[in-house]
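Scroll down for the structure; my scribbles are underneath it.
Predicted, not measured: the structure shown is a model, and the values here were computed from it.
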Amino acid sequence: MGLGAEQTVAQHLNNGLHRVVAIIPEGTAHTQAPNVTVLRAQAEIKSFIWSNNTPIQRISLRMTPDSGITQDIAKAWLKIFAEIAEAHRSFHATMSNLGPLWALNGMNNVRAVAQNPMIGDYKHTFAGVPMIVVGAGPSLARNLDVLKHAQGRAIVLGIHRTLQSLHRANITADITIAVEPRNVRHQYENVGLEKLAASILATTVHPNLHTTQAKRVIHYTSQGREEWLLAPQDRHHAALSLGTVSHAAVSLGRAWGCDPIILIGHDLAFPGGAVYHADGADGATTVVQAQGQWRMTATSAERKATLAGSGTENFDMMDIEAYNGGTVMTSTSFNNFRLTLEKMAVDWAGDVKLINATEGGAKIKGWRQAPLREVLASLADIDLNVDARLAAQNTNLIQAERGARINARMQTLCAQLQDVVSLSQRCLRQIDQCIRKPNPKAMAKLEKTEAAFKAASKGIAPLTLATQTDLTLIINRTQEVSDLKSALSLSRSLYALIGDAAKRLLGAAPPECVR
């Protein structure tokens, strides 16, 4: 970093280092150097980091001898680098862990999505109605007794992890919401779900959430990667999760025109080391530090199964401003969730009142802090009956028309996947032939089949979700290619991967959609 950084980077590149960048802030003289990436403004950091197929794990910043850069400026750049790199790692980890599940669940859920209403079907049903979004943070204990008085005044939306906490406190939420594609069915068992007006599910949740005792299921899309199932005219049912189900809940309130939107149980921090409400799901979970590393401990067997081991991974911690003053400890991921809520406050300023009545945990800028008791006292008793309002909306015609479009799209998608399977198998046979006995005629035939395969597999959204991470790993192996045989072998791995993924997706599709 600093004056002359481009020459230093050029030397590193000549020595075989690859992910090296010269930081020369605006106002510092610089010269052009071949193949050297130069960053002049902090806004350029994201494009550099996200251009890497493999996430950056460690960042080292070195100052040139005559850098002309102050330590404060260097620290500011390093801080932004670290934050963006963390987001990039999180994205790749999410895609690696959940991308294939999103794809398979989406295929498995086709029938349910085609048959059930979606959140946009109730767009005006709750306009101006207050919504309380109940989170599972440790501070929820402070508000449960007060929450009992919300009936008739506000929609009580409990995210799925809170259902046990609410049930044990003899509170029935009006609705619950889930975005999790992994198996969290245990959080829906023995919690009085049959009393709720609706279970609101992202289109890619685990299929077993469609067979609970909920009175009705209402679907939504929690991210752009889920909209492939819907025709363009049907893509207005979003409640973006942006990393966590709480964001989806708040986004639902916004989509329905609820006002105000009130948070409780949203600590987004670990007061006293606690992670969740003590009398709820995984209430014994704490964060502990060992040898300078932080991790969660005492998670339930169900949670461990859901996370498939990722719940014990180490994570970074930081101190942030607390709700009641001072600081509180949180993880980088929880802090990112907090920052997203703060961005919502900026983006929606003047359109909806946002209140944080958690009374603990982290401060969320842009959300007015107030005790829940005070907030409820300001809300009129409108004799709200969420179940009755939902029942009053006749969505049958909308559902039937949308369902027909979904089924038509699925039939087209399945035909495309079958073409991919067929062409991948043809590519494999021809590659094997070329490896055994390479000749110009066989190579030309393979080249033509490869072109057809690439055209057939391009733009199939669930196939991209199912294969993106593994494809990246294969692409990163191109350095291993040294001759025709190794190039063909690598191509074979790619076609086998995509073909097998297409088969799995077809296996999850409704049989009537497969020719």
Audit row: L268, L341, side-chain contact (heavy atoms from CB on, under 4.5 Å) steps and yes/no = CA-CA 11 Å; L268 298 176; L341 290 171; 3.7 Å; yes

Partners of N116 by side-chain hydrogen bond (donor to acceptor under 3.5 Å, both in side chains), sequence neighbours excluded?
-> none

Hey, are the side chains of P260 and L379 touching, using non-hydrogen atoms and a 4.5 Å cut-off?
-> yes

Using the test side-chain hydrogen bond (donor to acceptor under 3.5 Å, both in side chains), find all partners of E189 that sit at least two apart in sequence or belong to another chain.
-> R185

So, S222 versus E226: side-chain donor-acceptor pair below 3.5 Å or not?
-> yes

side-chain hydrogen bond (donor to acceptor under 3.5 Å, both in side chains) partners for D267, two or more places apart = S139

Taking distance alone, no hydrogens or angles, what donor-acceptor pairs closer than 3.5 Å link side-chain atoms of residues 239-248 to residues at least two apart or in another chain?
from, atom 1, to, atom 2, distance (Å)
S246, OG, H266, NE2, 2.8
H247, ND1, S241, O, 2.8
H247, ND1, L242, O, 3.1
H247, NE2, F337, O, 3.0

dist W228:CH2 -> T204:OG1 (nearest 0.5 Å) comes out at 9.0 Å

Residues, nucleotides or ligands: over 12 heavy atoms within 6.0 Å of N190 CG = no

Closest non-hydrogen atom pair between G120 and H237, with its separation | N-ND1, 2.8 Å

Start with the C-alpha distance between M318 and T332, add both sets of side-chain angles, then the distance that settles side-chain contact (heavy atoms from CB on, under 4.5 Å), and finish with yes or no.
-> CA-CA 7 Å; M318 61 195 304; T332 51; 4.3 Å; yes

Listed partners of N143 passing side-chain contact (heavy atoms from CB on, under 4.5 Å), at least two apart | I264, E359, L372

Contacts of type ring-ring contact (aromatic ring centres under 6.0 Å, His included), residue Y276, not counting sequence neighbours = none

Residue pairs meeting salt bridge (charged side-chain N to carboxylate O under 4.0 Å, His left out), one or both in residues 497-512, sequence neighbours left out, come to R111-E512

Minimal heavy-atom distance between S331 and F270, with the atoms involved, is N-CE1, 3.4 Å

K46 meets the salt bridge (Lys or Arg N to Asp or Glu O under 4.0 Å) criterion, sequence neighbours left out, with none

Quick one: ring-ring contact (aromatic ring centres under 6.0 Å, His included) partners of H277, sequence neighbours excluded?
-> none

Within a reach of under 6.0 Å around CG of D383, are more than 12 heavy atoms found that belong to other residues, nucleotides or ligands?
-> no

Stepwise side-chain contact (heavy atoms from CB on, under 4.5 Å) check, I200 with L252 = CA-CA 10 Å; I200 300 183; L252 173 66; 3.5 Å; yes

In short, H219 meets H210 closest at the heavy-atom pair NE2-NE2, 2.7 Å

Partners meeting side-chain hydrogen bond (donor to acceptor under 3.5 Å, both in side chains) with R426 (sequence neighbours left out) | none

What one should report as the nearest heavy-atom pair of I498 and F453 is CG2-CZ, 3.6 Å

When you look at E450 and Y495, which way does the side-chain hydrogen bond (donor to acceptor under 3.5 Å, both in side chains) test go after all the steps?
-> CA-CA 9 Å; E450 286 180 326; Y495 299 135; 2.9 Å; yes

Looking at side-chain heavy atoms only, is the closest gap between V113 and L201 below 4.5 Å?
-> no

Note: S424 and V421 closest approach over all heavy atoms is OG-O, 2.8 Å

Residues that Q57 engages under side-chain contact (heavy atoms from CB on, under 4.5 Å), provided they are two or more places apart = P55, R89

To the nearest 0.5 Å, tell me how far M131 CE sits from R254 CZ.
-> 13.0 Å

Taking all non-hydrogen atoms of both residues, which atom of G265 and which atom of T358 are closest, and how far apart?
-> N-OG1, 3.6 Å

Between L140 and L144, does a side-chain contact (heavy atoms from CB on, under 4.5 Å) hold up when you go through it step by step?
-> CA-CA 6 Å; L140 179 59; L144 286 175; 3.9 Å; yes

Minimum side-chain heavy-atom gap V514-Q418 below 4.5 Å = yes

How about Q416: does its CD atom have over 12 heavy atoms from other parts shown lying under 6.0 Å from it?
-> yes

State whether a side-chain donor-acceptor pair under 3.5 Å links T395 with Q399.
-> yes

May I have all residue pairs that pass salt bridge (charged side-chain N to carboxylate O under 4.0 Å, His left out) and include part of residues 392-403, sequence neighbours excluded?
-> D121-R402

Does any non-hydrogen side-chain atom of S457 lie less than 4.5 Å from one of L463?
-> yes

Passes ring pair (Phe, Tyr, Trp, His ring centres under 6.0 Å), W294 versus F315? Steps please.
-> CA-CA 6 Å; W294 290 93; F315 51 85; 7.5 Å; no

